[in-house]
> 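Here it is, the structure in full.
Letters go in sequence order (proteins before strands), and every chain restarts at 1.
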There are 2 protein chains.
Amino acid sequence: MCIFEESDDYMIGKAQKHITCATCKARKDSLFCTFKDDDLDNLDQVKSCNFIKKGQSLFLEGGIPRGVYCINEGKIKIFTRGEEGKEQIIHLAKQGEVVGFRAMFSGDPYVVSAETLEESSVCFIAKNDFLDLIDTNTILRDGILKELSTELAERASFVTNMSQKSVRERLASILLILNNIYADEYINLSREDLANFVGTATETLIRLLKDFKDDRVIKTHVRKIEILDTNLLESIAGL
Amino acid sequence: MCIFEESDDYMIGKAQKHITCATCKARKDSLFCTFKDDDLDNLDQVKSCNFIKKGQSLFLEGGIPRGVYCINEGKIKIFTRGEEGKEQIIHLAKQGEVVGFRAMFSGDPYVVSAETLEESSVCFIAKNDFLDLIDTNTILRDGILKELSTELAERASFVTNMSQKSVRERLASILLILNNIYADEYINLSREDLANFVGTATETLIRLLKDFKDDRVIKTHVRKIEILDTNLLESIAGL
DNA sequence: TCAAAAATATGACCTTAGTCATACTACAAA
DNA sequence: TTTGTAGTATGACTAAGGTCATATTTTTGA
């Protein structure tokens, strides 16, 4: 299931052509954007690069954290499962994001799972190497603190939206978020994943998408979703 | 409204008899539990002690963070407001907890508000002093990272509970949490606050409390709530 | 290219929980 | 004590959205 748990040496097997941090186009948006030549050389030494198929897990809820994953290319969903096993997507990570670093500090197993939504290229940095980086690089450390704080703030408003907004409003909000994540391409998520992000039943989500289509807010290209009117979406979301 | 914003010098006015960190009984449960004599002396120098009436704000959503608040005695609700102004309580902090430190790192205004639920004794540490402590004390720094990580994990499951559990299940979960926070005393929250924690309407909450009373799960002493059967609550919560 | 499986879509129905109106109770102030 | 006010409680009604059944379309793989 989880490719990084296939063997004791979790870096074996899927390693692909090495991506050099110094020239990595995703790095400018990442926690490592301030790294200088020396830091980059060091990072290059300790990391491994992996090419991961769609639908593979990077790590699973309950698993033991071994390191962090830096996304070079592709999209990763971060989710928990409720009692009945239903997924709740908490976050959708794209290139440049580092996922799984929260678990480096808590000392506990993962409380979320991470799975690729499309073919992805992901670099792995082992826990000790990552913690060493933080000890020796105060800018990185401050970046981590800031990132954790920002996510905590986002999650507070996520809770509030979940408890106070209607499914229709939440769908509008999520579509706006996805529109940014998918930047210049159409949103490409299954109806089920989208429902699990909004926190609703798949049937309800499909019905609402139809309403949005009728109202010319979105257009669908089979499974892909094109956003036609962000202003209207914002007003539906109550922003 | 917010006592710390009454004047430019936010430490003036409400300062009360100084609580010595070295003898503070709440400290053993706090981020500062590992502090040695020197650290404690330093902390004593930079902090101010305040006695705060029930229903006062420590800080408000949208306000500029000035420092952190260490709870010596009392309980503080941390909440956001949705579009219609309805509160969603995110966390309920008790003695020993440090509130507001997330905002020290994000560089943004507060995204939550903090308000006392009862008469409280709270120490204030200004932002720069707090950041200095973190720079010079790696144990504190690691404690902060761990605390942020743990809260982030808790909040992920909060989101999932909100989206997948019924109000009845959520109420049971929240009552169990409150039972720990209120330890050896009865839960003492208004029906409205409780509803805002569970994320429901006050009327719905009252109806469910009645069901729980009928089922001998809880007993009410006017507004206070006594938990009679934690096992039953756990099974209702779906744990 | 075709069959099977998976994903998407739609209808019918019903439960949960929100809203509004109103009544009751506890507590604080005069 | 009385009275006002805020908090608590209950009833009636309604709408949002979940579930289950089934149909249709798209994708996958032999």
> Using distance alone, with no hydrogens and no angle criterion, decide if A/E192 and A/T202 have a side-chain donor and acceptor under 3.5 Å apart.
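No, no side-chain donor-acceptor pair sits under 3.5 Å.
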
> Looking for any heavy atom pair under 4.0 Å, which part of the strands does B/K213 touch: base, sugar-phosphate only, or nothing?
sugar-phosphate

> Using whole Å, report how far CG of B/L171 lies from P of C/dG18.
12 Å

> How about B/E84: does its CD atom have over 12 heavy atoms from other parts shown lying under 6.0 Å from it?
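Result for CD/B/E84: open.
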
> Starting at atom CG of A/L209, determine the distance to atom C1' of D/dT25, rounded to an integer number of angstrom.
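The answer, rounded to whole Å, is 16 Å.
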
> Taking only the side-chain heavy atoms of A/R191 (C-beta and beyond), determine which of C/dT8, C/dA17, C/dT19 contains the nearest atom.
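In terms of side-chain proximity for A/R191, the closest of C/dT8, C/dA17, C/dT19 is C/dT8.
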
> Might you point out which heavy atoms bring A/L176 and A/E234 nearest each other, and give the distance in Å?
CD1-CG, 3.5 Å

> Would you kindly check whether a donor in the side chain of A/R207 faces an acceptor in the base of D/dT19, or vice versa, at under 3.5 angstrom?
yes

> Using heavy-atom distances to pick each residue's nearest nucleotide on DNA chain C, tell me which of A/E192 and A/S163 is more 5'.
A/E192

> May I ask you to verify if any side-chain N or O of A/S166 is less than 4.0 angstrom from the OP1 or OP2 atom of D/dA16?
no

> When you measure from the side-chain N and O atoms of A/S190 to the phosphate of C/dA7, is any distance below 4.0 Å, counting only OP1 and OP2?
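No, because none of the side-chain N or O atoms of A/S190 sits under 4.0 Å from OP1 or OP2 of C/dA7.
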
> Can you tell me how far P of D/dG7 sits from CG of B/L194, to the nearest Å?
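Whole-Å distance recorded here is 15 Å.
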
> Can you confirm whether the side chains of B/E147 and B/T150 place a donor and an acceptor under 3.5 Å from each other?
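Absent: no donor and acceptor within the cut-off.
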
> From NZ of B/K86 over to C1' of C/dA17, roughly how many Å is that when rounded to an integer?
12 Å

> For B/V222 and for A/R223, locate the closest nucleotide of DNA chain D by heavy-atom distance; then report the residue assigned to the nucleotide nearer the 5' terminus.
B/V222

> Whole angstrom is fine here: how far is it from CG in B/N188 over to P in D/dT8?
10 Å

> If you find the nucleotide of DNA chain D closest to A/K54 and the one closest to B/L189, which residue's nucleotide is nearer the 5' end?
B/L189

> Mind calculating the distance between CD (A/E203) and P (D/dA21) to the nearest angstrom?
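A/E203 atom CD is separated from D/dA21 atom P by 12 Å.
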
> Could you check, using the six-membered ring where one of them is a Trp, whether A/F59 and A/Y69 have ring centers closer than 6.0 angstrom?
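Under 6.0 Å, so yes.
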
> Can you measure B/L208 atom CG to D/dT8 atom P for me and round it to whole angstrom units?
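Going from CG in B/L208 over to P in D/dT8 covers 16 Å.
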
> Between C/dA9, D/dG18, C/dG18, which one does the side chain of A/I206 approach most closely?
C/dA9

> For B/D193 and D/dG7, what is the distance between atoms CG and P respectively, to the nearest whole Å?
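Whole-Å distance recorded here is 9 Å.
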
> Are OP1 or OP2 of C/dA7 and a side-chain N or O of A/T202 less than 4.0 angstrom apart?
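Result: no.
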
